[in-house]
Structures are given as C-alpha cells and as structure tokens.
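Accompanying notes for the structure given below.
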Protein chains: 2
Amino acid sequence: MAAQRGEGDGVVTRPGETGTEAPADVRERARAIPEAAVARLAVYLRVLSGMVEQGVTTISSEELAGAAGVNSAKLRKDLSYIGSYGTRGVGYDVEVLVSHIERILGLTRKHSVAVVGIGNLGHALANYGGFPSRGFPVAALFDIDPDLTGVPVGGIPVDHIDDITTVCAEREVSIGVIATPPQAAQAVCDRLVSAGVQCILNFAPVVLQVPDYVEVRKVDLAVEMQILSFHVARRADEAAGDVVNGIGVDGVVIRP
Amino acid sequence: MAAQRGEGDGVVTRPGETGTEAPADVRERARAIPEAAVARLAVYLRVLSGMVEQGVTTISSEELAGAAGVNSAKLRKDLSYIGSYGTRGVGYDVEVLVSHIERILGLTRKHSVAVVGIGNLGHALANYGGFPSRGFPVAALFDIDPDLTGVPVGGIPVDHIDDITTVCAEREVSIGVIATPPQAAQAVCDRLVSAGVQCILNFAPVVLQVPDYVEVRKVDLAVEMQILSFHVARRADEAAGDVVNGIGVDGVVIRP
DNA sequence: TACCGCTTGTGAACGCTTGCACAAAGTCGG
DNA sequence: CCGACTTTGTGCAAGCGTTCACAAGCGGTA
C-alpha cells in the first residue's frame, strides 16, 4: 500500500551495494510522505539527537512521542513512511533512526544558505548558531546598501545584491532566506530564482510569486501573533459566555 | 449548520445594541472557525490593509484570492465563517472586511508582548517594526544576564527575568515570546505561565510542556530549513529517477 | 524449544479541509 | 420597470491526515 505510485518506474536497481535496503525504495517513499509528516520528522530528529547525547541507545514509540509532543500512533505512522526500522517488543535503535531520518530529509548533503537583507533580522540570522550546527552553513549575505557591503557580519562578508548570481553559483547556495522589507521581497525573490535558488524561506510579510519548481516557505511573525490574539479573544468570549456552564469548551476549566 | 455547538447556550442576547448583528453571533462563530482558516484570515487582513492604502474600496473574491495566493472558493468559505459581508454582483467593501476580520482576530484590543532572551534574535524582535505597527507593542524585555538589564534595547528597558511576574502584571502582557537558548526555554516558559501569560510564541528548538489553557505556537527555523532540504532531496531524486520519463511528478518539468 | 509479554506496523474508520458547481441575490443598462 | 450579467454564499463530494485497534513479530524465560 505504501508506494502506490509507479510500480513500473524507470529506476534501475543497482545489483551491488544493495545490502540492507535499496536506494530506489528510499526514493519512492520520499515522494509519498505527507507534508505534515515531514515537519514532524524534523522534530523527531531533533529530539533523537538529544537522546544520542544522553547516551540513550533504544527508545519506544511511546517515549519518543511523549518527548516530541505527539500521539504515539501518529509517530509510528510517520516512521512507517520512511520504512520499518523498529524492533517489535523492543523499540527503535536511536542511531539507526537518526541516520535514516537524516537521509530522508536530505541532510547527508550540505545545504549552503544565503541571507538577503542585513537588517535586524538578517543580523540575527547570520549570527544564529542553530543553522551551521544542523548542517546549514550560512555561505553568503547580501544587501542593497553599499555601506554594508564588505563589512563582515558573523564572520561572513556581505556582498551587494547585484552580485547575487555569481556569488550564489560560486558558493553553491541552495537555500535563500529573504529578510528584507516587504517592498523589496518580490524583487529579491526574482533575483534568487534567476540565480538558480530553488528553495526560499521568506520572512517578509508578502505573498511571493514564483515558478512551480521553486519551493517557498514563509514565516510571518505578525500572522503568528494574530493567531495567538484570536485565541486570546476566543478565550475571553468563552469566559463571558459559556463559562456560565462552569466549564469551558472541550471540558477544559478556565484557569484551574 | 454553522454553529452546531450549543443551540441552548447560556449566552444572553442583549436586547439593545443589536442593530446590524448580535455580538453573541460573533462569539459563536469564532469558535467554529477552523485553525487553518484563522491563519489565512490574518493573511487576507494584511493584503486588505495594503489595498486600503492604495485607495481600493471594493474587491472581488477572485482578486483578493489572487493577491493572497489561495483559491477563490476557499477564500469565500473562509470569509463565510465570519459572516456574510459581501455584496453579490459587486464584491467586498474593503474597509468593512478589514474591520470585521480585525474584530474576529481580537485585534480591537492591544496585546502587549514580552520578549524573553535578548540575544541576537531577541534584539531583532525588540527592534522589529512589524509588531507595534500591527497592534502588538513590545512592552517588556527580559534576560537573565545582569549586564544586560537596565540598558534599553529599541527604546524598551531590559528587566531581569526574576522580575517577570511583577513587570508582566504591571504592563498587562498577554503574549510571551521565548527567544532564549533551548536549555532555558522550559524554565522561562514556566515562569511566563505562572506570571499569567496564556499565549506563547516559542523560537527555541524544544517542545514546551504547558497546561491545557495555555496556547503555544512555535517557530523553529532549523525545522523550516530541513523541510526545504527534504524538497531539495526529493527533487534531486526525481531528477535521477522519474525524469527518465521526461517529466517530473505532477507534470512539472524540471527546470523548464 | 515453546510460551509469554511487549511493541511495532498498518488496515480501516473517522473527521477535517479543500474544491466544485450552482442557486440566490444584487447591480447595471436599456 | 425589467432582463441580463456578475459575484457571493454554500451544499456536496473528494481527498488528505489523524486516530483507533489489533494482528504480526521479536526477545526473554523456563
């Protein structure tokens, strides 16, 4: 049931090197993984990395699910998308799981990152230790302000936005991060795309127009705030309304 | 069909003040709005605000959907969750729509924000203009380092984390932002919760444990990167695999 | 070797979300 | 005043993701 797409695919299974599992299987599976599951796999990986450091060698779905804040059935299903690497009656080997998730997420290759827009956020991103430590070295910084170019930020030189194509090609940038003001975002995006960057993380509060082959993820801090605001308002309304019943929605008592 | 929950609810409809629509209806509707729709409403609001500045007074679902990057049917359904405020044959009055979305999202009240952890990211957040301009004034900053306390950042004084309860109460903080290293995040979270903060935006790469009545949203930059990495890998695999058919998955030609 | 208890992996049901298609409802031109 | 045209609002069906529940499989033990 897992791989319904393409039983007759054109992938040639190399006869040698197929000791434990076939690369073609990994490839087929990667396509069937739901978007939501991919996001969770990244979380599992983070938790598991912490486990490795603590010297944990084996973990059950129940434990891992608890640490990752999800249902254990969901965790097992998520892991089943990438194959069966657990041992019934025992659990999962932590290191094996880490290496398989890393492979599925494509973390065996380095992904160089370019940050465009060296304002407050750009500075923070350039200095953020979480990227290099997880396999995403910041390889290039760009800004339109000539006063900023040349001066390194976090040890990385800032280049002018006009040099984006050559610099990105040179340093093999595969992910572009847009941290510019909203007015500039679309233009920067277009330049990144024409520089060959196919994955973009957008912090600017605008909807970017890109070709189909480009993947965009957006992080809009104000939207996150507004979603929280909605919940505040909803809660306040419940307090004014349903609390006459003594209990809020979902059986949760307000301020227990 | 809309409000299936609680036909016999204890909400008293105030007889006066019920000119155009009843407040109780707004309250009932807010609960029925799907989470995904709430996130999109925030996006619509942003687009609409831009329209107002451009002097646009009326907009059709088709236009707005295009600008927000969604299907027009989905947009109409999202708007129907908050009521019928469009005119058939014409479209939506931009200002009316803006004010209704603002009301639903609870943006009629100010939501003061506290940022904890004045490192790179905390600095950027304190200086970020996007918060105050959209009704989320940063009212307090906290750090554990005594060298930082007292020195204002972005015009806001930095207080010591130990004063979090009194300062939050004093300045009516309703949203806490965690921008600390991962090791400190859970402790900070606990302190925010005991200070009465019920909404938290977490930038630290850890899964926070909170009581049921607290709403947490997380932004994990490394996870975003890894999701992009997954798509890079998938694309590379397709290039090695399915492209023998000439066309990638979904009929999209790789690098057209 | 055979049994027992534990945990995985997954078929199946459920619920939420999306997209379609069309009736209802309003405007505009004659 | 009427008819044609435009656009909203929504019932309905399809798709996707989540959850449940349990058979299958493995290690430990006698």
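In what follows, every chain begins at residue 1, and chains take the letters A, B, ... in the order their sequences are listed. Here the structure is a predicted model, which is why all the values come from computation and not from measurement.
As rounded to whole Å, 12 Å separates atom P of D:dT7 from atom CD1 of B:Ile59. Atom pair B:Asp78:CG and C:dT17:C1' shows a separation of 10 Å (rounding to whole Å applied). The nearest whole Å value for the distance from the CG atom in B:Leu97 to the P atom in D:dT8 is 11 Å. The separation between A:Arg76 atom CZ and D:dG25 atom C1' is 14 Å, rounded to whole Å. Across the protein-nucleic acid pair, A:Ile82 atom CD1 and C:dT8 atom C1' stand 14 Å apart, rounded to whole Å. For the pair A:Leu64 CG and C:dT7 P, the computed distance is 14 Å after rounding to whole Å. The distance between atom CD of A:Glu63 and atom C1' of C:dT8, rounded to the nearest whole Å, is 14 Å. Between B:Tyr85 atom OH and D:dT10 atom P there is a gap of 12 Å when expressed in whole angstrom units.
For B:Ser61, taking side-chain heavy atoms from C-beta onward, the closest of the listed nucleotides D:dT18, D:dT8, C:dT8 is D:dT8. Nearest nucleotide to the B:Tyr92 side chain, out of D:dT18, D:dG9, D:dC26: D:dG9. The side chain of B:Ala73 approaches C:dA21 more closely than any other nucleotide in the set C:dA25, C:dT18, C:dA21. Minimum atom distance to the side chain of B:Val90 is reached by C:dT27, of the listed C:dT27, C:dT10, D:dT18. Among the nucleotides D:dT18, C:dT18, C:dT8, the one closest to any side-chain atom of A:Lys77 is D:dT18. Comparing atom distances between the B:Thr87 side chain and each of C:dT27, C:dG9, D:dT18 picks out C:dT27 as nearest. Nearest to the side-chain atoms of A:Arg40 among the listed nucleotides C:dT17, D:dT8, D:dT18 stands D:dT18. Distance from the side chain of A:Ser60 is smallest to C:dT8 among C:dT8, D:dT10, C:dT10.
Atom CZ of residue A:Phe203 and atom CG of residue A:Leu125 lie 5.0 Å apart, to the nearest 0.5 angstrom. With values rounded to the nearest 0.5 angstrom, B:Leu64 atom CG is found 7.5 Å from B:Tyr44 atom OH.
Salt-bridge formation is not detected for the pair B:Arg234/A:Glu35: no Lys NZ or Arg NE/NH1/NH2 atom is positioned less than 4.0 Å from an Asp or Glu carboxylate oxygen.
Contact check, B:Asn71 against C:dT17: no side-chain N or O comes under 4.0 Å of OP1 or OP2.
Judged by atom type and distance alone, A:Arg88 does not reach the base of C:dT7 through any side-chain donor-acceptor pair under 3.5 Å.
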**OP:** Report the C-alpha separation of B:Val223 and B:Ile227 in whole Å, then their side-chain angles, then the decisive distance to 0.1 Å, and conclude whether the side-chain contact (heavy atoms from CB on, under 4.5 Å) test is met.
**Re:** CA-CA 6 Å; B:Val223 167; B:Ile227 295 170; 4.0 Å; yes

Subject >> Chi angles and distances behind the side-chain contact (heavy atoms from CB on, under 4.5 Å) call for B:Tyr92, B:Arg76 >> reply: CA-CA 10 Å; B:Tyr92 299 91; B:Arg76 286 198 300 275; 3.9 Å; yes

